[in-house]
Each structure stands twice: as C-alpha cells, then as structure tokens.
Trainee: 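I'd like to ask some things about the structure below.
Remember, it's a predicted structure, so these values are computed and weren't measured experimentally.
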Amino acid sequence: MPTLRYFAAAAEAAGTEREEISADSVSAALEAAIEAHGPKLAHVIAHSSLLLKGQYVGDRSMGLAADDVLDVLPPFAGG
Amino acid sequence: MKPLVEIGPELDADALARYSRHLLVPGIGIEGQRRLANASVCVVGAGGLGSPVLLYLAAAGVGSITVIDHDVVDLSNLQRQVLHRTQDLGEPKALSAARAVVDLNPLIKITPLISELNDDNVVDVLSGHDLVIDGTDNFATRYLVGDTCADLGMPVVWAAVLRFDAQIATFMPEPLVAAEDATSLRDLFPMLPPPEATPSCSDAGVLGMLTGQVGSIMAGEAIKLITGAGEPLVGRVLLLDSASMRMREVPLRPRPVGAVASAPKATSAPERFDAITPAELAAQRDAVTVLDVREPGEHALGLIDGAHAIPLDEVLTWEDLGALPDGPLVVTCKLGPRARRAATHLRSLGHADLSLLSGGMVAWTEEIDPSLIRY
C-alpha cells in the first residue's frame, strides 16, 4: 500500500508521522486520510506541498503505486 | 561537490592561529580555509536564523559578509536572536550584527545594509556574492531571493522554522549543476501560500534554540559549498522535529514542467496591485469581470451587477483560472484585505490583469449604488 508521510502541522493534524493508505491515486489517498483524521488535516493538506519521489505533485489525480511514498509538507516561512 | 570558491592568498600567522581547529579537519585544511577567506556571502536577515549564521560564518573566517535587514532590535527578538544584546534595543539589526561580527573576528569584512530587500535593489544587493543565506521570515521575500538567485546562478541556503519544526535545503542553480538537478524554492513550494496557511513566529511562536540549531546547520552548508567538504543538502530537504529530536529527509527534484500555471516573479510584501476607483469601474463595467470574495451572508446584502460572488476560502483552493472568464478582473471585498489575498493567489496562478476595487464594497455603496445595504 502507498505510504503518506506527514510533517509538522500535517503530522499534528493526522496524529501520526506516517501511515499506509489503500489508494491508487494521490487524491484518493488524501481523501481517505481526511476521512480518517478530519477537517483539520483537510485544511493543512489544502495548503501543503505534496512530493512524490521528490517531485512536486501538481496534478492530484496522478496514480500511486503500492510502494510509493507521498510526503506532505506544510509551508512555513519563519526565520 | 566541487568547491564553490577558488583558493585565496596565503594566510598570515594570526589567521593560522585563529583558524587552527579548521586546519586540522580533513576536507577543510589550509586550502579550505583559504577558500573561506576568499569567499563572499550575503546573509538576508539578521534575526533568528541570521544570528547563528553570521556568528559561525564570521568565526569560520568567511572573508566578506554582507548582512541586509531593515528592522530594529525588539525585546521579543532576544528570546532567540542571540547576536543582539539588551543594550541594542532600538538599534538597526544590521548594525548590531556587524558589531557582533567585528567583535568576534576583526579579520573579515562585514557590510551592513539597513534596507528592505525589494524588486528595485535585489539584483544589486545579491550580485557579486558566492552564495546567499535566506534568513528571512516571509514567503514573498523568500521567493524574491530564490527567483533572483536562480536567475543569477547563485546557490541559496534556505531554511524555515516554526514552533518545534524546521525545513532546511540548499538550492543549487544552473549552471553550477545540470538542469535536471537544479532546484529552487519554487520546486518545493511553487505558489505563494495564503497568509493564513503560514503563521509567522509572532503568531505561532518558535523555540529559540531551534533557530540556533538550524542557523548553525545553514552555516555548515555554506562552509561545505565553499570548501567542497562533505555533502550539502542538495537534492534533498532536511525535516527537523526538535520536539522528538528526530530528523528526516525527503528528496527534492525540479518540479515537472507545467506542474502549476507559470508563477510570476514575487514582489516583496505587500504585493502591489493596480487600484480602480468605483467611478472608474462603473464607467467600464462591461469591459471587466468583477469577483466579489465576501461571504455568502455579505453577498446577500447586495452585489455589483454581474459580479461573480465566490468566497475567499473557495478562491484560495483554486489551482487554475478555469472558473473565471478571460480578460481584466477587478477583485473586491468589503474594504480590501480579502480582495488583496484573493488577487495574490490569482496572480500566483498566472493571472496577468488584476486590479483591486479601491475602498471595496463600502466605497461602491457610498459612491455608486446607495441602494445596497451598509453593514
């Protein structure tokens, strides 16, 4: 199953740093995660960057393979 | 990685004594130290990240450092900006930073600039350095730095902190690396996130120590680039969770072509938009589209004829401009700030013809259509 890895506010909203989700596309995986963890995660994910094999996912309908790892990175700018 | 900077002149006895602990480190040594002495680094921001970066680069003997910061030292800074002292409250941070650097290492050249970084000066300020450290605290300036460095072919050491968390990366441009390896901030965050998605340290707080830890890592990245030692954070982003003291890394590659509608270059905050008065809008009403981003309850109180009434939160989820007709767009809300946020997002999606209605619906009701309900 594909894995979602959460960082910072995403990990806080999901209550975990990583989880396996049964889904064959990015959007299906995100929907399942939001279903499980609620609107707070939805809000974070809406503004986060998703990286698959290091590349920004612009088209969330793209497919996910069983061993794919999707990284969820909320933006922050503090310095 | 090939050292970024050529070996400089021989070092004198003072320098050799001062930097002896570097000379003993394989990968640095005398040659590396001479590269450091020959290097020129621009540090943008003398705050949380800037403090440790400036101190450690100065300690390391980076020959020439420019620090740019328009702000003055504030009491709340002293929780983490360890470069500054209580007696420096109210002083320009760039000057306070320069003083600390000179006290630590009088052998290097430090150039403080008390100035904001903006469209007009960014190329002049950043040019001529070997690399740039992004120690700023907002996305608009970060994009300004990142976009300009990509254009100038300069590496950027980048990091961002919030509460217990940090993200750190070193972005290498062409021609220093091949196109398929060249990354910038836009490959990580292609579009300006909405302000409510990026709380600042003054909204959400930050662990003081974290800025020290992360800024030190940034100094290390600069030293590795300059000397060629070790392996900088190129092609990867370090994710640091200081609450559990765990670090992870994710790979980073250039974003796919067409991943997002091409994002225009950032201007420094606030984004500048053309303004249109209610009278001007009324005169050319048929020639433009109006987008009203207030809430449904407000829309019910009255709209400009033919306006598209779409709440801000919904606009901010758009990833393309398909919901809007082509052509000039005027964005409005009650008074202005929400319209500005919506327009900023639309600009990042590539909209090239945006204006804001001066004074918003309050002004429109006052000057053009008093039949609408005032609230």
Trainee: Report yes or no: does B:R253 contribute a side-chain atom to a donor-acceptor pair with the main-chain N or O of B:E180 at less than 3.5 Å?
Mentor: no
Trainee: Heavy-atom cut-off 4.5 Å, strictly under: side chain, backbone, both or neither for B:L188 against chain A?
Mentor: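 Answer is both: backbone and side chain atoms of B:L188 are under 4.5 Å from chain A.
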Trainee: Any side-chain heavy atom of B:L192 sitting closer than 4.5 Å to one from B:T344?
Mentor: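 The answer is yes; the side chains approach within 4.5 Å.
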Trainee: Side chain to side chain contact (heavy atoms under 4.5 Å, CB included) with A:A8: which residues, sequence neighbours excluded?
Mentor: A:P74, A:F76, B:D165
Trainee: So which residues of residues 238-247 of chain B are in contact with chain A at a heavy-atom cut-off of under 4.5 Å?
Mentor: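 So far as heavy atoms go, B:L239, B:L240, B:D241 are the residues that approach chain A to under 4.5 Å.
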Trainee: Roughly how far, to the nearest 0.5 Å, is the CG atom of B:L131 from the OG1 atom of B:T170?
Mentor: 8.5 Å
Trainee: Answer whether the closest heavy-atom distance between the side chains of B:L233 and B:R236 falls below 4.5 Å.
Mentor: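 The answer is yes; the side chains approach within 4.5 Å.
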Trainee: Please name all residues satisfying side chain to side chain contact (heavy atoms under 4.5 Å, CB included) with B:A342, sequence neighbours left out, ordered by chain then number.
Mentor: B:V293, B:L312, B:V315, B:V331
Trainee: Go through B:T317, B:L316, B:L252 and name the one with the most non-hydrogen pairs under 4.5 angstrom from chain A.
Mentor: B:L252
Trainee: Would you mind reporting whether A:F7 and B:V237 have side-chain heavy atoms less than 4.5 Å apart?
Mentor: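 In short, these two side chains do not touch, never coming nearer than 4.5 Å.
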Trainee: Under 4.5 Å heavy-atom distance to chain B, tell me which part of A:L51 shows up: side chain, backbone, both or neither.
Mentor: side chain
Trainee: Could you list which of residues 15-39 of chain A have a heavy atom closer than 4.5 Å to any heavy atom of chain B, in residue-number order?
Mentor: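 So the qualifying residues are A:E17.
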Trainee: Is B:V206 in contact with chain A via its backbone, its side chain, both, or neither, using a 4.5 Å heavy-atom distance?
Mentor: neither
Trainee: Minimum heavy-atom separation for A:S48 to A:R60, with atom names?
Mentor: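 Here A:S48 and A:R60 meet closest at O-NH2, 3.3 Å.
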Trainee: Do the side chains of A:L64 and A:L52 get nearer than 4.5 Å, heavy atoms only?
Mentor: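 In short, these two side chains touch, coming nearer than 4.5 Å.
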Trainee: Which label fits B:F171 and B:W158: parallel for a plane angle under 30°, tilted from 30 to 60°, or perpendicular past 60°?
Mentor: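 Ring orientation of B:F171 relative to B:W158: tilted.
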Trainee: Check whether B:T211 reaches the backbone of B:G208 with its side chain - one donor and one acceptor, N or O, closer than 3.5 Å.
Mentor: yes
